[in-house]
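Notes to accompany the following structure.
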Amino acid sequence: MSAREPVCHEEVCLTCSDEAVPVTVLRLLEDGMAEVDTGQGREEVSVALVEARAGDTVLVHAKEAIAVVADAVAEDAVAEEVTT
């Protein structure tokens with residue numbers, strides 16, 4: 001193992017065990033950012049990787065939106081209709 005590789009000395013690696021959390025987009029800001037409601041308050045997160053709109057629920061990991069939940073739910077519903 002090289003000196004540059006990260007090593008977890010705990011039972012659970014904090015980086016590896018992080019999970020994305022759903023938040024609601026309140027409004028889009030400049031530079032690919034958005035104000036969101038976390039359920040415990042408001043925060044600014046990046047939405048540069050997704051096509052989010054105000055009112056959308058997005059999954060956020062490390063202050064970065066990684067998916068729009070409504071889009072994923074809609075795609076699953078369409079796929080289910082096609083297969084039935």
Side-chain angles (χ1 to χ4, degrees):
M1 177 176 284
S2 76
R4 293 182 183 220
E5 292 181 39
V7 179
C8 294
H9 297 286
E10 302 296 324
E11 231 176 86
V12 176
C13 178
L14 293 177
T15 302
C16 301
S17 68
D18 286 345
E19 295 183 15
V21 294
V23 300
T24 303
V25 176
L26 299 174
R27 65 187 177 107
L28 298 177
L29 305 171
E30 294 181 5
D31 297 327
M33 299 297 287
E35 181 180 5
V36 299
D37 180 1
T38 66
Q40 297 179 346
R42 294 179 177 204
E43 292 185 25
E44 284 188 20
V45 300
S46 171
V47 291
L49 299 178
V50 298
E51 292 185 29
R53 298 173 297 201
D56 284 349
T57 299
V58 295
L59 292 178
V60 173
H61 175 72
K63 296 243 181 212
E64 183 74 51
I66 58 173
V68 178
V69 176
D71 287 350
V73 172
E75 288 174 11
D76 287 345
V78 169
E80 188 174 313
E81 288 179 18
V82 170
T83 60
T84 56

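Numbering starts at 1 and runs along the sequence shown.
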Note: A34 and V47 closest approach over all heavy atoms is CB-CG1, 3.7 Å
Kindly work out whether a path of hydrophobic side-chain contacts (I/L/V/M/F/W/Y, heavy atoms less than 4.5 Å apart) joins I66 to V69. yes
* State, yes or no, whether a side-chain contact exists between V21 and T38 at a heavy-atom distance under 4.5 Å. => no
- Query: Do V58 and V23 come close enough that some side-chain heavy atom pair is under 4.5 Å?
  - Reply: yes
To the nearest 0.5 Å, atom OG1 of T24 lies from atom CZ of R42 at 11.0 Å
Shortest non-hydrogen pair, A52 vs V25, comes out as CB-CG2, 4.2 Å
Taken to the nearest 0.5 Å, the spacing of L28 CG from M33 CE works out to 11.5 Å
Separation between CD (E44) and CZ (R27), nearest 0.5 Å, reads 7.5 Å
